[in-house]
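Heads up, the thing below is written out as structure tokens.
Positions are given from 1 along the sequence. Both counts, for ligands and for their atoms, begin at 1 and track the order of listing. This is a predicted model, so every value here is computed, not measured.
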Amino acid sequence: MNLLDIIKKAGKEERAIGHFNVGSFDMFPAIARAASGAPVVIGVSEGERAHLGLGHAKDMARSFGFFLNADHTRTVEGAREAARAGCDMIVFDAADKPFPENVRLTREAVIAAKRARRGVVMEGELGYIGGSSSVFDAFPQGVVIREEDMPTPDMAARFVKETGVDLLAPAVGNVHGMIRPSAGGGSSSGGNPALSIRRIKELRAAIRVPLVLHGGSGIPDEGLRAAVQAGISMVHVSTELRLVWRTALQRALAAHSAEISPAKFMPEVLSALEELVARKMKLFGYD
Ligand code: 13P
């Protein structure tokens, strides 16, 4: 089955494919252990691609049986390059632009990428949810968090029709990154806003392509479950992975302060990562 069919099948089963961003090669085997054979998409942002090398990331993804996504690609040329490099999926992101420009650029990217690689899965973004997988003290400027500012079903249907995307990632109360709990906000797990499950259901009913939820970090478990049941077929997680990786690494280095062999202290770091990914996969419906 190709990636798009796998995503559609997950949606029909009220499950969501786990999409995990990686910034370091040692994350691959940890994610593979956690997934234990379930389908997984590995995402590399433009920064992560520059760090890892897209070709190496692709080879690694292939060797573990993962799909590879060129996450948040911001230029048409970048989308074409990612398709040529053999990515299975490309997220084209012009969500910070006004609607007509977002439509025009996304349509161009879809045409360019599909010409470069037939069958590449193209995703478009609608509604600005911020651009960085970090821990914040306040909401990033301009993010859509009120229901009245979220994309409407009509707008989403128009976007899908006019751009030709295979997947749609709408702003439904999700933000990239996590708001520090002390900074306040709308949800029980820290300061992230609450998801609009109602809007997810309305969008699901209005459009024919699968829906993707970005900004999966910092959303309480019950919010993620409800989103998947309401019609989300893929969830992106990055910040929580980064946070666990770094915190576990600091802890491991402190516990083995004289140790210089990564083979001795990295397994602890990777177990922590594996545990997190396994927990998310379970929430998405893959036990
Ligand atoms: P988080 O960093 O909030 O998990 O979002 C990740 C994401 O959506 C990457 O595309």
Side-chain angles (χ1 to χ4, degrees), residues 7 16-24 27 31 34 40-49 51-52 57 61 66-74 78-79 82 87-96 121-140 143-145 165 167-181 183 185-187 189-195 200 210-221 223-224 227-228 232-247 273 276-277 279-281 283-284:
I7 298 168
I17 304 294
H19 173 293
F20 302 101
N21 286 75
V22 301
S24 154
M27 290 176 158
I31 294 172
V40 158
V41 178
I42 293 293
V44 279
S45 66
E46 289 180 338
E48 287 158 343
R49 272 176 255 175
H51 170 59
L52 300 174
F66 296 144
F67 296 100
L68 186 70
N69 170 38
D71 208 19
H72 297 289
T73 303
R74 294 183 200 275
C87 289
D88 304 290
M89 174 181 161
I90 298 170
V91 167
F92 185 77
D93 186 355
D96 57 336
V121 176
M122 291 299 295
E123 180 184 311
E125 313 289 287
L126 197 53
Y128 183 62
I129 63 160
S132 178
S133 286
S134 315
V135 181
F136 303 114
D137 287 316
F139 293 126
V143 291
V144 168
I145 45 179
V165 291
L167 306 171
L168 178 71
V172 287
N174 46 331
V175 289
H176 278 133
M178 285 160 69
I179 313 298
R180 222 181 291 280
S187 87
S189 84
N192 278 32
L195 292 178
I200 294 172
L211 293 174
V212 177
L213 185 76
H214 281 251
S217 298
I219 298 174
D221 290 358
L224 282 177
V228 173
I232 291 290
S233 305
M234 182 188 286
V235 180
H236 284 227
V237 187
S238 177
T239 307
E240 285 188 41
L241 267 67
R242 291 177 174 185
L243 199 59
V244 161
W245 190 89
R246 187 187 159 114
T247 311
L273 196 72
L276 170 68
V277 173
R279 203 168 63 72
K280 295 288 180 193
M281 295 284 298
L283 277 175
F284 303 158

Q | Any side-chain donor near an acceptor of the partner, H72 and H176, under 3.5 Å | A | yes
**Q.** Numbering as shown, the atoms of ligand 1 that approach S133 to under 4.0 Å (heavy-atom distance)
**A.** 1 (P), 2 (O), 5 (O), 6 (C)
**Q.** K280 side chain reached by F20 side chain, heavy atoms, under 4.5 Å
**A.** yes
Q: Report the nearest protein non-hydrogen atom to atom 4 (O) of ligand 1: residue, atom name, distance rounded to 0.1 Å.
A: S217 OG, 2.5 Å
Q. Taking NZ, NE, NH1 and NH2 as the nitrogens, is one of them in E48 or R242 under 4.0 Å from a carboxylate oxygen of the other?
A. yes
Q. Are any of the side-chain heavy atoms of L213 and M234 separated by less than 4.5 Å?
A. no
Q.
Could you check whether any side-chain heavy atom of V44 comes within less than 4.5 Å of a side-chain heavy atom of N69, counting everything from C-beta outward?
A. no
Q: Heavy-atom contacts with N21 under 4.0 Å: which atoms of ligand 1 show up? List them by number with element.
A: 9 (C)
Q. Does G43 have a heavy atom less than 4.0 Å from any atom of ligand 1?
A. no
Q. Which bit of H72 gets closer than 4.0 Å to ligand 1, counting heavy atoms only: side chain, backbone, both or neither?
A. side chain
Q: Determine, for R49 against D71, whether the closest basic-nitrogen to carboxylate-oxygen distance falls under 4.0 angstrom.
A: no
Q: Verify, without hydrogens or angle tests, whether N174 (side chain) and G215 (backbone) share a donor-acceptor contact under 3.5 angstrom.
A: no
Q) Atoms of ligand 1 less than 4.0 Å from V237 heavy atoms? A) 4 (O)
Q) So which protein heavy atom does atom 3 (O) of ligand 1 come closest to, and at what separation? A) G177 N, 2.9 Å
Q) Looking at ligand 1, does any of its N/O atoms fall within less than 3.5 Å of an N/O of H19? A) no
Q) So which of V237, I17, I232 actually passes side-chain contact (heavy atoms from CB on, under 4.5 Å) with F284? A) V237
Q. Does V175 approach ligand 1 within less than 4.0 angstrom via side chain, backbone, both or neither, non-hydrogen atoms only?
A. backbone
Q) What is the closest protein heavy atom to atom 10 (O) of ligand 1, and at what distance does it sit? A) D71 OD2, 2.6 Å
Q: For T239, take its heavy atoms, then give the atoms of ligand 1 lying under 4.0 Å from any of them.
A: 1 (P), 2 (O), 3 (O), 4 (O)
Q. Quick check: does G215 get an N/O under 3.5 Å from an N/O on ligand 1?
A. yes
